[in-house]
Amino acid sequence: MMPKRALVVGLGIAGMSAAIGLRQAGWQPVIAERAPERRRGGYFIGLMPEGRQAAEDLGISGHLHTRNPPGGGKAWSLNRRGGLEPGLGFLHQPGDPAAVVRGDIEAALWEGVCGGGTDEPIPVWFATKPVGIDELDGGVRVLLEDTRTGALRNETFDLVVGADGLRSNVRRMVFGPHEEFMTDWHAMICAFQLKEQVPSFGESDSVTVARAGRAVWVFGFADRPPTVLLTYRTDDVQAEFAADRIARLREVFSDLDDPVVRHALDALEETPDFLFDSVHQVKMPTWSRGRVVLVGDAAWCLNLYSGMGATFGLLGGAELGRALRGHPGDLGAALTEWESRLRPSVVKHQHMARLKSQMFVPSNLPIEAVRSVAVRLACTLRERRRAKAQAA
Ligand SMILES: Cc1cc2nc3c(=O)[nH]c(=O)nc-3n(C[C@H](O)[C@H](O)[C@H](O)COP(=O)(O)OP(=O)(O)OC[C@H]3O[C@@H](n4cnc5c(N)ncnc54)[C@H](O)[C@@H]3O)c2cc1C
């Protein structure tokens, strides 16, 4: 029997994971990526145990470079009086997240896509995006555009996987407009890499400055300079995109005149590349329709405050492969099983993200105060646990 063909749209974490999962299930996937080449680098990601297990299941964990400083590294928090206190870093949460940049996960997945000498490489069509998707009897016809030349061609597949991120075009074409599924969190992020650590801190230290409505996070690594996250709350997301981005960030953080914030803002002016975006969650009643399925941010967007988006990008692909292996002749049954396995934990993390967002950036002064007390308490308990473990 001829292997079934699948088109995976998007060469991010979710797309590459899904393509490898499909290959494991005996399918013949091909990836279409809008960009002309593979992206690299990126911001800090804490990869949780479910994500690491999924990397193992996808056969790529041996390629995954992790960058945890010993013991999670030192974390500091800058208080309102400008004093430094022990803080809680992202890596200190339960589950021992693996510290990586997004590009580390994508590089490991890329090794898997290329086959690693044992599997058939998965073809990747760069500079290609779908502009029409029509379900036919027994297949899906996709109109593909070459983004360099504008040339169009039709291809037919047994399955289309939309892994094209938060503002997914596959979702828009097949399920409906963005407004129907994207919830607005009235918050902005800016993420970038530092050339060097904030002066006077250890190379792999992490630092947080969290004030009502805005926060700066410096994420330390064992073997490379930190990355920075600037995040703030806003009533009008559209207006944030209209303004000059760096000038707007300087305005938002203008009253936080301390060396950490100054270093981050100065570095932002010099960085060749930064991510500036609004924060959303995607909520859909179902992630598949006929022979089209969405994965990763396109389907559920567990945003950065949840700290689970990359983890579930990997998991979604690994589980898709598992479900297709379990139902080789019945795509509908495979997609139903896949969604019912994933949905409860996605929904749980979507709910928890609201609470976690207050740890990232408290929305007002009372929450800022409660957050500071909670961090101090957690640091004291952590210190006691460590002392006890050393004494034992
Ligand atoms: C600052 C920040 C910090 C984060 N921290 C964490 C963390 O600590 N832990 C964690 O688990 N997650 C974290 N996340 C979330 C995580 O990075 C994302 O959930 C994950 O990378 C999404 O992967 P994806 O493949 O679904 O989408 P994307 O990464 O958006 O990839 C989509 C791909 O599709 C391509 N594409 C788009 N449109 C088209 C089109 N029309 N045709 C063809 N190709 C197209 C894009 O070019 C891209 O390559 C963080 C996110 C941010 C922004």
Side-chain angles (χ1 to χ4, degrees), residues 7-19 30-40 42-52 54-55 89-91 93 95 97-106 109-110 124-133 142-147 160-173 187-193 215 217 219 227-231 274-282 287 294-317 346 349-350 353 356 360-361:
L7 175 71
V8 177
V9 182
L11 188 72
I13 294 171
M16 286 192 270
S17 303
V30 49
I31 303 176
E33 166 57 47
R34 183 177 57 183
E37 59 186 34
R38 191 167 83 72
R39 64 186 177 187
R40 288 173 169 77
Y43 40 78
F44 167 92
I45 283 188
L47 194 60
M48 302 307 282
E50 303 94 310
R52 297 203 295 275
F90 191 96
L91 300 176
Q93 61 180 300
V100 294
V101 290
R102 190 194 58 213
D104 293 328
I105 305 178
E106 292 186 348
L109 285 163
W110 180 252
V124 180
W125 297 336
F126 284 103
T128 304
K129 63 174 187 184
V131 290
I133 299 177
V142 184
L143 183 61
L144 292 161
E145 182 184 315
D146 182 321
T147 60
V160 170
V161 181
D164 47 348
L166 173 62
R167 296 177 183 83
S168 163
N169 257 316
V170 174
R171 189 183 66 227
R172 191 182 51 74
M173 285 189 279
M188 307 298 294
I189 52 155
C190 176
F192 56 98
Q193 308 188 2
W217 285 71
F219 297 102
T227 64
V228 169
L229 170 71
L230 306 174
T231 178
F274 63 88
L275 169 75
F276 180 85
D277 206 352
S278 44
V279 181
H280 303 267
Q281 218 168 46
V282 172
W287 297 323
L294 301 174
V295 294
D297 281 9
W300 48 72
C301 186
L302 284 164
N303 62 36
L304 81 156
Y305 298 144
S306 78
M308 296 302 286
T311 287
F312 273 78
L314 285 156
L315 193 58
V346 165
H349 287 296
Q350 285 188 327
K356 287 185 179 176
F360 270 96
V361 51

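Here the structure is a predicted model, which is why all the values come from computation and not from measurement. Each ligand, and each atom within it, is numbered from 1 in the order the structure gives.
Only the backbone of Ala163 comes within 4.0 Å of ligand 1, judged by heavy-atom distances. When heavy-atom distances to ligand 1 are checked against a 4.0 Å cut-off, Asn303 has no atom that comes that close, whether in backbone or side chain. Under 4.0 angstrom from ligand 1, the non-hydrogen atoms of Ala32 all belong to its backbone. Using a 4.0 Å cut-off between heavy atoms, Val9 contacts ligand 1 through its side chain alone, with no backbone atom that close. Residue contacts with ligand 1, taken as heavy atom pairs separated by less than 4.0 Å, involve Asn169 solely via side-chain atoms from C-beta onward. Residue contacts with ligand 1 for Ala35 are absent, since no atom lies close enough (heavy atoms, distance under 4.0 Å). Only the side chain of Arg39 comes within 4.0 Å of ligand 1, counting heavy atoms alone; its backbone N, CA, C and O stay farther away.
If you check which protein heavy atom lies closest to atom 19 (O) of ligand 1, you get Asp297 OD1, 2.7 Å. The protein non-hydrogen atom at the shortest distance from atom 21 (O) of ligand 1 is Ile13 CD1, 3.7 Å. The single protein non-hydrogen atom nearest to atom 42 (N) of ligand 1 is Lys129 CB, 3.4 Å, given as residue, atom name and distance. If you check which protein heavy atom lies closest to atom 30 (O) of ligand 1, you get Gly165 CA, 3.6 Å. Among protein heavy atoms, atom 49 (O) of ligand 1 sits closest to Glu33 OE1, 2.7 Å. Given atom 12 (N) of ligand 1, the protein heavy atom at minimum distance is Ala310 N, 3.0 Å. Phe44 O, 3.6 Å is the protein heavy atom nearest to atom 5 (N) of ligand 1. Protein heavy atom in closest approach to atom 44 (N) of ligand 1: Arg34 N, 3.1 Å.
Ligand 1 has no nitrogen or oxygen under 3.5 angstrom from a nitrogen or oxygen of Gly296. On a distance-only criterion, Ile189 and ligand 1 share no N/O pair closer than 3.5 Å. Checking only distances, Arg102 never comes within under 3.5 Å of ligand 1, N or O to N or O. Ligand 1 has a nitrogen or oxygen under 3.5 angstrom from a nitrogen or oxygen of Gly46. For ligand 1, the polar-atom distance check against Leu229 finds no nitrogen or oxygen pair separated by under 3.5 Å. Any N or O atom pair closer than 3.5 Å counts here, and Tyr43 shares at least one such pair with ligand 1. Polar contact check, Ala14 against ligand 1: a nitrogen or oxygen pair lies under 3.5 Å apart.
Remark: distances from the non-hydrogen atoms of Ile105 to ligand 1 are all 4.0 Å or more. Within the structure, ligand 1 lacks Met16 among the residues with a heavy atom less than 4.0 angstrom away. The closest approach between Phe312 and ligand 1 stays at or above 4.0 Å for every heavy atom of the residue. The closest approach between Asp277 and ligand 1 stays at or above 4.0 Å for every heavy atom of the residue. In this structure, Gly307 counts as a contact residue of ligand 1, since one of its heavy atoms falls inside 4.0 Å of the ligand. Judged by the shortest distance from any of its heavy atoms, Pro130 lies inside the 4.0 Å radius around the atoms of ligand 1.
Close approach of ligand 1 to Gly12 is summarised as follows: ligand atoms under 4.0 Å from at least one heavy atom of the residue are 25 (O), 31 (O), 33 (C), 49 (O).
Remark: the backbone N or O of Leu166 is not paired with any side-chain donor or acceptor of Ser168 at under 3.5 angstrom.
Across Ala353 and Gln281, no two heavy atoms sit closer than the pair CB-NE2, 3.9 Å.
Checking each of Val142, Val170, Thr128 against Leu7 for a side chain to side chain contact (heavy atoms under 4.5 Å, CB included) leaves exactly one that passes, namely Val142.
Checked for salt-bridge contact, Arg38 and Glu106 miss the test: no charged N lies under 4.0 Å from a carboxylate O.
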